[in-house]
Amino acid sequence: MLRMGAAAAGGAVLVGSAEAAQAAPAGAKRALRAPALAPGDRVRVVSPGGTPNPTNMARGIEILRSWGLEVELGAHVFATYGYLAGTDAQRLADLNAALTDPGIRAVFAARGGYGTQRIVDQIDVSGLRRDPRVVVGFSDITSIHGKLWRDTGLVTFYGPMVNWNDARTGPESAEALRRAVMTTAPVTIVRDPAETAAPVLVPGTASGPLLGGTLTMISTSLGAGDAPRFDDAILFFEDVDEAPYSIDRMLTELRRVGVLARVAGVAIGQITNSVGGPGEWDAAAVLKDRLYDLGVPVLGGLRLGHGNGQLTVPLGARATIDAEAGTLTVEPGVRPR
């Protein structure tokens, strides 16, 4: 997913103090929700990071169209510029066009990879408060989620992208995404004992806006314009291809700048392919070491992220974790039409 982002995380942006790292203003006090999607709505697919696979894209478009959505592609979806889907100007233009076109009701990211942090500070949010729309993506798209929440309070969706892989995201994943963006039902994610972080649990309940995303992106955004305040929030994170020591390093950074001291609770998604050396801590041991002394509920084992069977949650919506029950329940991310 984020080998370049992960490399950046190593020396990342300590910013100097907790105050500097948390200089971002709090997100809007009232969450802004887009209308639920309905058959016939126009939706736009853009590539803010890497270039998608045409075959996988065709499958993702087929799924969206099966829900009755009218799917359009950004002009540079399949462009290539090094490891990016076109130049920064091209990717930004596609994203801003999708966010400002009054006929577009949802923006779906084609894929992640790397690249959103290069353009996120120039995203045009000027029309979103009066004309909010659904925004979907995960991984590198964490940066866009944070920017839109911080600047407008828009509830966005952390879920599968259009570069669809049926082996990883099957029918359950597709239905979870559809329900999240096309119905006003709350979302409940139940702890999966098979997940790497499932043994990580601190009993208790807590509520607050669900904020976060991929841990690497959270870490490398501290002090920048896409870093929301996590005060009294349910911090959600997941990651892929990060060794246990790297997870330790990023969580230690969040401790040092004061982020973890102010959260209401922690929800942990899929920690995928985290491999350490012989005799070293595994990912679950690192998570316990870095989170158990925070004095807040912690719930691991949620099928959210880069692993198989990925589900979808609204970011920015009010959420409640019940660690003993093993549930994360999130208010609807869209409003009735």
Notebook entry, point to check: Is it true that atom OH of Tyr292 has more than 12 heavy atoms of other residues, nucleotides or ligands lying nearer than 6.0 Å?
Noted result: yes

Check: Does a side-chain N-to-carboxylate-O contact under 4.0 Å join Asp166 and Arg59?
Finding: yes

Notebook entry, point to check: Would Val263 and Asp232 count as a side chain to side chain contact (heavy atoms under 4.5 Å, CB included) if you check the C-alpha gap in whole Å, the side-chain angles of each, and the deciding distance to 0.1 Å?
Noted result: CA-CA 5 Å; Val263 300; Asp232 301 317; over 6 Å; no

Check: Does Ser246 use its side chain to pair, donor to acceptor, with the backbone of Glu242 at less than 3.5 Å?
Finding: no

Check: Can you list the residues that meet the salt bridge (Lys or Arg N to Asp or Glu O under 4.0 Å) rule with Arg255, with sequence neighbours excluded?
Finding: Asp293

Item checked: Distance-only donor-acceptor check, side chains Asp241 and Asn273, under 3.5 Å -> yes

Check: Mind checking whether Val187 and Leu328 have side chains closer than 4.5 Å, heavy atoms only?
Finding: no

Note to self: Let me confirm one number: the CE-OG1 distance from Met57 to Thr51, rounded to the nearest 0.5 Å.
What the structure shows: 10.5 Å

Check: residues 193-205 side-chain donor-acceptor pairs under 3.5 Å, at least two apart:
residue: Glu195; atom: OE2; partner: Gln270; partner atom: NE2; Å: 3.2
residue: Thr196; atom: OG1; partner: Ile271; partner atom: O; Å: 3.2

Notebook entry, point to check: Listed by chain and number, what are the salt bridge (Lys or Arg N to Asp or Glu O under 4.0 Å) partners of Arg318, not counting sequence neighbours?
Noted result: none

Notebook entry, point to check: Checking Asp140 side chain against Gly115 main chain: does a donor-acceptor pair fall under 3.5 Å?
Noted result: yes

Notebook entry, point to check: Are Leu210 and Pro314 close enough that some pair of their side-chain heavy atoms sits under 4.5 Å apart?
Noted result: no

Next item on the list: Go through Leu222 and Val259 one step at a time and tell me if the side chain to side chain contact (heavy atoms under 4.5 Å, CB included) criterion holds.
Entry: CA-CA 9 Å; Leu222 292 178; Val259 169; 4.1 Å; yes

Item checked: Considering all heavy atoms, the nearest Gly212-Ile218 contact -> CA-CD1, 3.8 Å

Item checked: Glu175 and Arg178 ion-paired at < 4.0 Å -> yes

Check: Has the side chain of Thr312 got a donor or acceptor atom that lies under 3.5 Å from a matching backbone atom of Gly159?
Finding: no

Next item on the list: Looking only at non-hydrogen atoms, find the nearest pair between Arg133 and Ala98 and report the distance.
Entry: NH1-O, 2.9 Å

Check: Just wondering, more than 12 heavy atoms not from Tyr81 lying within 6.0 Å of its OH?
Finding: no

Item checked: Exam field: side chain Trp164 to backbone Thr169, donor-acceptor pair closer than 3.5 Å -> yes

Check: Distance only, no hydrogens: is a donor on one side chain within 3.5 Å (strictly under) of an acceptor on the other, for Thr214 and Tyr158?
Finding: yes

Next item on the list: Tell me whether Leu148 is reachable from Val134 by hopping between hydrophobic residues (I, L, V, M, F, W, Y) whose side-chain heavy atoms are closer than 4.5 Å.
Entry: no

Notebook entry, point to check: Centroid-to-centroid, His306 to Phe138, below 6.0 Å?
Noted result: yes

Next item on the list: Decide whether Ile247 and Val257 are clustered together by the hydrophobic rule: side chain heavy atoms of Ile, Leu, Val, Met, Phe, Trp, Tyr closer than 4.5 Å, transitively.
Entry: yes

Next item on the list: Show your reasoning for whether side chain to side chain contact (heavy atoms under 4.5 Å, CB included) applies to Leu299 and Val266.
Entry: CA-CA 6 Å; Leu299 173 62; Val266 180; over 6 Å; no

Check: Distance from Asn53 atom CG to Asn163 atom CG, nearest 0.5 Å?
Finding: 5.5 Å

Check: Going from CD1 on Ile123 to CG on Asp121, what distance comes out if it is rounded to the nearest 0.5 angstrom?
Finding: 8.5 Å

Check: Is there side-chain contact between Leu254 and Phe237, with at least one heavy-atom pair below 4.5 Å?
Finding: no

Note to self: Would Thr252 and Asp248 count as a side-chain hydrogen bond (donor to acceptor under 3.5 Å, both in side chains) here? Give the steps.
What the structure shows: CA-CA 6 Å; Thr252 297; Asp248 184 328; 2.9 Å; yes

Donor-acceptor contacts under 3.5 Å from residues 68-75 side chains, at least two apart:
residue: Glu72; atom: OE1; partner: Arg42; partner atom: NH2; Å: 3.3
residue: Glu72; atom: OE1; partner: Arg44; partner atom: NE; Å: 3.0
residue: Glu72; atom: OE1; partner: Arg44; partner atom: NH2; Å: 3.2
residue: Glu72; atom: OE2; partner: Arg42; partner atom: NE; Å: 2.5
residue: Glu72; atom: OE2; partner: Arg42; partner atom: NH2; Å: 3.1

Margin query: Within this structure, what is the CG-CG distance for the pair Leu260 and Leu291, rounded to the nearest 0.5 Å?
Written below: 6.5 Å

Check: Going from CD1 on Ile119 to CD1 on Ile144, what distance comes out if it is rounded to the nearest 0.5 angstrom?
Finding: 6.0 Å

Next item on the list: Heavy atoms only: give me the nearest Thr183-Ala36 pair and the separation to one decimal.
Entry: N-CB, 4.5 Å

Checklist line | Side-chain (Arg33) to main-chain (Pro332) donor-acceptor, under 3.5 angstrom | finding: yes

Note to self: Restricting to non-hydrogen atoms, name the atom on Ala180 and the atom on Val334 that form the minimum distance, rounded to 0.1 Å.
What the structure shows: O-CG2, 3.9 Å

Next item on the list: Please confirm whether the backbone N or O of Gln90 pairs with a side-chain atom of Thr87, one donor and one acceptor, at under 3.5 Å?
Entry: yes

For residues 276-286, tabulate all N or O donor-acceptor pairs below 3.5 Å that involve a side-chain atom, not counting sequence neighbours.
residue: Glu280; atom: OE1; partner: Gly277; partner atom: N; Å: 2.8
residue: Asp282; atom: OD1; partner: Ala284; partner atom: N; Å: 3.3
residue: Asp282; atom: OD1; partner: Ala285; partner atom: N; Å: 2.9

Margin query: Taking the side chain as everything from C-beta on, heavy atoms only, tell me whether Thr188 gets closer than 4.5 Å to Val330.
Written below: no

Margin query: With a 3.5 Å distance limit and no angle check, can you tell me whether Arg168 reaches the backbone of Gly307 through a side-chain donor-acceptor pair?
Written below: yes

Note to self: Return the CG to CG distance between Asp226 and Asp151, rounded to the nearest 0.5 Å.
What the structure shows: 9.5 Å

Next item on the list: Give a yes-or-no answer on whether the side chains of Ser219 and Glu253 include a donor-acceptor pair shorter than 3.5 Å.
Entry: yes

Note to self: For Asn56 and Val162: C-alpha separation, side-chain torsions, deciding distance, then whether side chain to side chain contact (heavy atoms under 4.5 Å, CB included) applies.
What the structure shows: CA-CA 7 Å; Asn56 291 352; Val162 185; over 6 Å; no

Check: Under the 3.5 angstrom rule, does the side chain of Arg118 hit a backbone N or O of Asp88 as a donor-acceptor pair?
Finding: no

Margin query: According to a hydrophobic-cluster definition based on side-chain heavy atoms being under 4.5 Å apart (Ile, Leu, Val, Met, Phe, Trp, Tyr only), do Met250 and Leu287 belong together?
Written below: yes

Check: So which heavy atom on Arg105 is nearest to which on Pro35, and how close?
Finding: NH2-CD, 4.3 Å

Margin query: Looking at Trp149, is its backbone amide N or carbonyl O close enough to the side chain of Thr152 to form a donor-acceptor pair, meaning the two atoms are under 3.5 Å apart?
Written below: no

Next item on the list: Answer yes or no: are there more than 12 heavy-atom neighbours, outside Arg179 itself, under 6.0 Å from its atom CZ?
Entry: no

Notebook entry, point to check: Judged by atom type as modelled, is there a donor-acceptor pair below 3.5 Å linking the side chain of Asp94 to the main-chain atoms of Arg91?
Noted result: no

Next item on the list: Heavy atoms only: give me the nearest Pro132-Leu154 pair and the separation to one decimal.
Entry: CB-CD1, 3.7 Å

Notebook entry, point to check: Do the side chains of Val125 and Arg150 get nearer than 4.5 Å, heavy atoms only?
Noted result: no

Notebook entry, point to check: Can you name the salt bridge (Lys or Arg N to Asp or Glu O under 4.0 Å) partners of Arg303, sequence neighbours left out?
Noted result: Glu172, Asp192

Notebook entry, point to check: Can you hop from Met161 to Val43 via hydrophobic side chains spaced under 4.5 Å?
Noted result: no

Next item on the list: Could you tell me whether the side chain of Leu211 reaches within less than 4.5 Å of the side chain of Phe236, counting heavy atoms only?
Entry: no

Margin query: Membership question, hydrophobic clusters at under 4.5 Å side-chain separation (ILVMFWY): are Ile63 and Ile141 in the same one?
Written below: no

